[in-house]
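Report on one structure; see the data block that follows.
These values consider heavy atoms only, across backbone and side chains, with no hydrogens, waters or symmetry-generated copies. Per chain, numbering begins at 1; letters A, B, ... match sequence-line order. Bear in mind the structure is a predicted one, so any value in this text is a computation, not a measurement.
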Amino acid sequence: MSGSPGDEALPGMPSPPPPPPPVVARTPKHNERLPAERNPVASVAVDVSLPHLDRPFDYRVPVQLDEAAVVGARVRVRFAGRMVDGYVLDRTDTTEHEGRLQWLDKVVSSEPVLSPELATLCRTVADRYAGTLADVLRLALPPRHARVEKEPLPDAGPGPVAVPGPDAGSGWAAYPRGPAFLEALAGHRPAHAVWQALPGEDWARRLAEAARATLAADRGAVIVVPDRRDLDRLHAACVEVVGDEHVAALAADLGPAERYRRWLAVSRGRKRLAIGTRAAAFAPVRDPGLLVVWDDGDDSHTEPRAPYPHARDVLIARAHTSGAALLVAGITRTAEAEVLVRSGWAHPVVAERATVREHAPRVTAIGEDDRQLLRDPTARAARVPSVAFEAARAALAAARPVLVQVPRRGYLPAIACAQCREPARCRHCHGPLGIPAGTEDVPAPPTCRWCGRPATNYRCPACASPRLRATAVGAGRTAEELGRAFPQTVVRSSGGGSTILETVDAAPAIVVATPGAEPVADGGYGAALLLDGAALLARPELRAAEETVRRWFAAASLVRPAPDGGRVVVVAESNLPAVQALVRWDPAGHAGAELDARTELGLPPAVRMAALDGEPAALRDLVETAHLPDAADVLGPVELPPGTRLPGAEERTERAERTLVRVPRPVGRDLARALAQAQSIRGARREREPVRILLDPHDPL
DNA sequence: TGGAGTGCCCAA
DNA sequence: TGGGCACTCCAG
């Protein structure tokens, strides 16, 4: 039906002309909107991670939202037809955009979560990793929790931190440059340091002391640790040294409300010391005076989401942009930290040799083939060389616990050529071979741990021998065997399938732990046995040596000093550089040698390297599109292990390949820019086949 | 998740 | 030939 009753033709009257189409009473599309009087333009970072749209977009701010749309606020805007989230980067009164601006649709919250400083940091990180700002913002900003935001602020803002007394921070006196570093913090100087903690050092307390010196100087501090365990330890130390009211512990596993609550406390300036795992590198501490990363060799510091930044590098960038001091700390030193020292950008903070000797345990290396292994039947049963066996027995006799470090389950069991020790690899994909578990009676054939293909008729590619031997024994089995070897002693396990123990008491016990899961022993272990070192060192990764050294030192650091009888036995050939470093307790020396070796081979961090992963055609396209620096060296592509998942390519089972691009460090920035630009061009061309870009990957090989 | 532009189909 | 409709593309 059309028209209204009054339109109907009257009987006997000629039909009137058809009525004009009714003027639709157009309800105003939007309630009458006027632009804000001052700064009506909001520059918005939209949450769209397409590389060709990685730039701010301008929106017109209606008066109604003028007050709410503060810089840093979360907003919703219409973008390409749909509503997307975004953040106000800036408010201005002009725009470069030539078309009509869309209205800012909604201010989700006026909480200024993205400060200009944080936005700058995120932009820098995005550029460095050839990623998008949107991706980095997702890493840096926790999801909002509306109820938490409305909670009243904790009533008393933190008062000033008491200036440390003359005795405070004296733990740093064991390091010649330690006190100077703390003075720099107190004096607002942007000192950069690389610290190697002494064996047995209460590192958490030292870091808390450094934080206190910073807070006492009215600056904030950020400390990033690899995992929850270290965070708990650090948190306890910070509460004690700095005071609970200043500390916010940020961890991923808190739950959305608590996570946002603590993050807000930092953002609002209520807490000036943010500690946490990798995402805490972005913690919005105001006016930061100190940034710390502990144990930067732990690969937990690498964010697994695009663009895969490393907490150390985030903090280095932040130190540059904020003028804060930086401390890269650990028991051992990474090759990356060595670069900082060698370039003169950071000062080493290390103890004198004499101090090291007072604190370090006595380290003995013993080759696996050592004849002693075969002579002692008990030791042989436990696959533990007799020197190690004796060290354990002596420690137990002195009523002290013994730590046994066995490689993580994931690496086991590994096998190698029985004749020349070349690690056995799959002939198809070059993945490591292992023996599948659960076949006690009927041994299964060696099988590739990457592609799962059985290796029948294996022959060593180096020496042609068909014989294989296990180079490592699983944690559970080692524990079992040691229990048999020391029947009256308690055997406890930590990690590798068992619950991770935080601490053990001073009573005699054998503690079998996987790397990273070693409990701290009250008073220190009497001895530590580091098993299967050869297997760790023989791993084909770039960081095999660095990683092995890191694990060995971490375990050995829990042992009593040599003057108190502490002993470490490492089962590995004593002429290996990694073993030498442990025997001499020289982590810095090892880092130097490692960096030299990588310089020789043209591997990171001596060079900047990008790993490009993707389906072959897409990879080729990206490399051809990119205006790579002249000095760029393109390697590959090589096939990635089957089953490698590329983000955004869930459906596709195409083989994935990896191309490596390396450049001299000074043009690393150009490499990242060229790759980001190529991604952007591909995006604009609607090339949907993704290529993942990893800059300075933890393991490029 | 909206609006504009494009191209195809079918009725006149 | 042109209007209607479905589909794609753009991105403030």
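There is a side-chain donor-acceptor pair under 3.5 Å between Glu149(A) and Ser109(A). With no hydrogens or angles considered, no side-chain donor-acceptor pair links Asp54(A) and Thr132(A) at under 3.5 Å.
A straight line from CG of Asp54(A) to P of dG12(C) spans 16 Å, rounded to a whole angstrom. Distance Arg55(A) CZ to dG12(C) P: 9 Å, rounded to the nearest Å. Note: CG (Asp93(A)) to P (dG12(C)) measures 21 Å, nearest angstrom. With rounding to whole Å, Leu50(A) atom CG is found 13 Å from dG12(C) atom P. Note: NE2 (His52(A)) to P (dC10(C)) measures 9 Å, nearest angstrom. Atom CZ in Arg76(A) sits about 15 Å away from atom P in dG12(C), given to the nearest Å. Atom pair Gln102(A):CD and dC10(C):P shows a separation of 17 Å (rounding to whole Å applied). Protein atom CE of Met83(A) is 15 Å distant from nucleotide atom C1' of dG3(B), rounded to whole Å.
Dashed line: the shortest gap from a side-chain N or O of Arg686(A) to OP1 or OP2 of dC10(C) is under 4.0 Å.
Without hydrogens or angle criteria, Ser322(A) side chain to Arg318(A) main chain gives a donor-acceptor distance under 3.5 Å.
Counting only heavy atoms from C-beta outward, the side chains of Tyr59(A) and Phe79(A) approach each other to under 4.5 Å.
Within a 6.0 Å radius of CZ in Arg669(A), no more than 12 heavy atoms belonging to other residues, nucleotides or ligands are found.
Contacts of His188(A) classified as ring-ring contact (aromatic ring centres under 6.0 Å, His included), with partners at least two apart in sequence or in another chain: none.
Closest to the side chain of Arg78(A), from the set dG12(C), dA11(C), dG2(B), is dG2(B).
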DNA chain B in dot-bracket, Watson-Crick or G-U pairs under 3.5 Å, [ ] crossing, | other strand?
.||||||||||.
